[in-house]
Amino acid sequence: MTRVTKVMAGATVMVGLEFRCRLATRSKLFSPCPSAIDATPDSQVDAHTLALPGTLPTLNRQAVGLAIRLALALDAEIEPVSRWVRKHYFAPTLAKGYQITQRESPLARGGTIEVAGRALGLTSIYLAEDVGELRAGVVDLSRAGAPLLELAGEPMIMRATAEEASAFLRALQTIIRASRVADIDMPGALRCDAHVSLWPKGQDEPGTHCTIKDVESGPALEQAIAAEVLRQTALLDQGMAVAALTLGYDAADDRLWVCGDHPSATQCCYLPEPDLPPLRIDTAWIERARAELRDPRSLS
Amino acid sequence: MRAAREPLSAWTASETADAVRSGEVSALTVTRAALDRIAAVDPRLHAWTLVDERGALAAARGVDAARARGESLGPLAGVPTGLKDNFVTAGLETTGGSRILQGWIPLRDGFHASRLRAAGAVLLGKLALDEFGMGSSNENTPFTAVRNPWALDFVPGGSSGGSAAAVASRTICFSLGSDSGGSIRQPASLCGIVGLKPTYGRVSRSGLIAFVSSLDQPGPLTRNVRDAALVLGCLAGHDPQDMNTIRAPAPDYLEAVTRGRMHGLAGLRIGVHHEALALPGLDPAVRACFDAALAALTAAGAELLEVSLPHFRHAVPTYYALASALAASNLARFDGARQGLRMTGEDFVRSCTATRSQGFGEEVKRRLLLGTHVMRDPSGLYERATRVQTLIARDYTAAFERCDLLASPTTRLPGFRLGERVHDPVAMYLSDIFVVGANLAGLPAISVPAGFAPAITGRPRLPVGLHLIAPLLAEPTLLRVAAAHEASTAWHLEVPPGVA
């Protein structure tokens, strides 16, 4: 981490963390198709996953129960009514051409992840369906439609180094393990996006941020943020502007790459999801989830 | 037996099912007669996109065998039917009327095919439509445009034009259509038959290719009101596959029809939508038929009063904003990767673009452009359209505080010639002006035969429809009034000259 402290002399590092937890449900978020995290490629595909014409989403209540449980474990406030939207973009991994998410109207707000006296505040916690994967140019839809709980953190100033970000990731892993809502030790169970920007001294606001997608471990997150800070610093040092990019991080090579698969916010359009009524969560449902959180015998 | 003296093609669904159940006629005989009639009249109409002779005969034999075993038969036993080609059918190509889905043969029946088969109906095949339901004339098709059985150079209406022409030409007793902005009722009016759009959520959309998800509603096209009630009874109810279906159990729709026929309409208040009558371009012959229909309703005991729907003129633009955006959303899945047409390109974006450029027709592309614009509009066009939709729905709520039902003509004109409006999309969109309101407010509505516009220079004699709208879930009121009107008229018994 020495290289980060060296280049940070003239600027503050701002990092916003977003986590995606793959909930361990028996079936997908909107269809009865099985949803195991360790499934072989293309083994979990039904008419809905393939987005065949005439299919409609039906909500998996087990996923909602697990989402409430994790939100409670993070001390978040459950919203009595949340709504679904369609997020549209064209990608081979997105069979419907849109992803159903609660991004605009989340299931829960607030909540914190605490590490050594410092709290990472969460702005929103919401359900969304996962997309498929592209492996060497071949689409695999096994993962498509799996339930994700997205946890968006407030942007914060990294006081020390990128180590702090990875400490929050590890703390969240511990909470998820204790609440038994995900197969946390499986690859892909918890993915993290880091929005990284530099705030040069004397400027009114932070610079353009870049997003590193889908980092899965604490060490990888540290290295990815460090590499991105270095890259942005070098650009600014040369008098060049930072362009808003979506990046992937390859931990084996310690290398960032520009990722074409994820659309930027301006490429997406949103519409309210007309196939799903608003999600209403009453106190009885919350209390059931609270009891499951306390009961170590309750699995997912 | 009134029915037995007439050819099988004149029998209604209720008469056919009764005769099959009683053993008066076999399902096989009925099916063979229907297949023969398709072969005789459809070459002039092009209503059928696919006729499944083998499957139909096997289904008919199944009904007859069940009867021979002494099993009780369903309410549609042996009744020949066809589905608009946007309903998913096992083993039968389902195109949605689009080249982009050509060749797609679903493995499983959707809700509607499966419900109708369970009720004993014999599915003869699939019926033509405007591509994905986008149109009012059946001309938006890569296949052959459907003809109106009353005048072969006139359109049958749309988008369920094949469903309407197949019933009007008496190849089948009833068909299913889907109605997002009048697509069951407008073609029913133009073809002189009954078309019923239930309350949004009364009938499942599972297995219907989505067009405007918040407005789409399947419903029957029939030759009389009783059959509409019979078919609705087989489809209505909660379906776990469609989370928007209503949980309230379906009432006895046939009882409402009997009530209307036997006991009249005493005490019922019918609101006459006066903005609709003041609209420029309302054909005088349509107006005359409408006035005669009101006289028939008054004679049956109903009281008439004038009502206003102040936001009426905003309904068509609001509908097209919502419909185009949701069309763009629902059609995003057609990228050529999984079913139907597949064009290859160097990468995903190029092959997807090539497939969509080749696979979609002109009107679909126009709506996709319009819809993408609505979605991306920085001033929030979609959100604003939903606010106007709320105002329109409130107009109906206010109107139904004063009356039980609203009446208007179904269309401004009795019909139009093929090709007459293809180059004027806005004129085509305005064909829907009396019918879109019911979709925007989610209300049940029906079009029933209400007479004929007499032949004049340049136009043959054409059917005219009466349009009735009821409050949410008041299908019984709708059917009762439609049945009372039908009991005092004989328009629904006329046979189109083109297929006599």
Side-chain angles (χ1 to χ4, degrees), chain A residues 29-32 42 45-61 64 83-100 104 132 134 137-141 144-145 260-261 263 265-280, chain B residues 86-89 94-96 98 101 104 106-112 132 201 204-210 212-216 239-245 322 325-326 328-335 337-340 347-349 351-353 356 371-377 382-383 386:
Chain A
L29 184 52
F30 298 116
S31 88
D42 269 327
V45 174
D46 67 350
H48 189 269
T49 309
L50 287 168
L52 292 187
T55 51
L56 293 172
T58 52
L59 180 61
N60 178 347
R61 291 175 62 89
V64 178
R83 292 184 166 77
W84 307 95
V85 292
R86 294 178 176 184
K87 175 185 178 181
H88 300 83
Y89 59 95
F90 282 101
T93 50
L94 192 62
K96 288 196 297 291
Y98 56 84
Q99 178 196 25
I100 305 176
E104 319 279 302
L134 205 52
V138 179
V139 176
D140 172 18
L141 292 176
D261 200 34
T266 52
Q267 287 174 304
C268 297
C269 18
Y270 293 87
L271 276 187
E273 168 55 274
D275 289 330
L276 292 165
L279 172 58
R280 291 174 202 283
Chain B
N86 58 355
F87 289 99
V88 173
T89 44
T94 300
T95 67
S98 182
L101 266 179
W104 180 48
L107 293 173
R108 293 211 178 89
D109 271 336
F111 172 88
H112 314 87
F132 289 118
S204 174
R205 295 170 299 125
S206 171
L208 171 71
I209 300 177
V212 196
S213 308
S214 54
L215 310 179
D216 295 342
D239 173 18
Q241 299 303 313
D242 177 355
M243 292 195 69
N244 289 341
T245 48
L322 299 175
L326 281 168
S329 175
N330 286 320
L331 269 49
R333 68 189 60 199
F334 300 115
D335 57 9
R338 289 167 302 278
Q339 70 278 313
D347 55 22
F348 172 74
V349 171
S351 50
C352 174
T353 306
R356 292 168 71 84
T372 306
H373 169 73
V374 170
M375 273 200 261
R376 288 174 180 267
D377 177 62
Y382 187 88
E383 217 271 318
T386 57

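Below, chain A is the first sequence line, B the second, and so on; all start at residue 1.
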Just give me the residue among B/Asp347, B/Leu331, B/Ile209, B/Val374 that pairs up with chain A most often, heavy atom to heavy atom, under 4.5 Å.
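Most heavy-atom pairs under 4.5 Å with chain A: B/Ile209.
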Could you check which of B/Cys352, B/Ser329, B/Ala210 has the highest count of heavy-atom pairs closer than 4.5 Å to chain A?
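Looking at each option in turn, the highest pair count goes to B/Ser329.
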Donor-acceptor pair, side chain of [X] and main chain of [Y], under 3.5 angstrom:
X        : Y        : answer
B/Thr353 : B/Val349 : yes
B/Arg338 : A/Ala95  : yes
B/Asn330 : B/Leu326 : yes
B/Thr386 : B/Glu383 : yes

Using non-hydrogen atoms and a 4.5 Å limit, figure out which bit of [X] sits close to chain A: side chain, backbone, both or neither.
X        : result
B/Pro106 : neither
B/Ala337 : neither
B/Arg205 : both
B/Phe334 : side chain

Evaluate side chain to side chain contact (heavy atoms under 4.5 Å, CB included) for A/Trp84 paired with A/Phe30, printing each intermediate quantity in order.
CA-CA 12 Å; A/Trp84 307 95; A/Phe30 298 116; 3.7 Å; yes
B/Thr94-B/Thr89 side chain donor-acceptor pair, cut-off 3.5 Å:
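Their side chains do contain a donor-acceptor pair, which is all the 3.5 Å distance test asks for.
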Would you say the side-chain atoms of B/Thr245 and B/Asp242 include a donor-acceptor pair closer than 3.5 Å?
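Absent: no donor and acceptor within the cut-off.
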Choice from A/Val139, A/Asp275, A/Leu94, A/Leu276 maximising heavy atom contacts with chain B below 4.5 Å:
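Highest number of pairs under 4.5 Å: A/Asp275.
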Give, as side chain, backbone, both or neither, the part of A/Tyr98 having an atom under 4.5 angstrom from any heavy atom of chain B.
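The side chain, not the backbone.
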Proximity breakdown for A/Leu50 and chain B, heavy-atom pairs closer than 4.5 Å:
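Both parts, heavy atoms under 4.5 Å.
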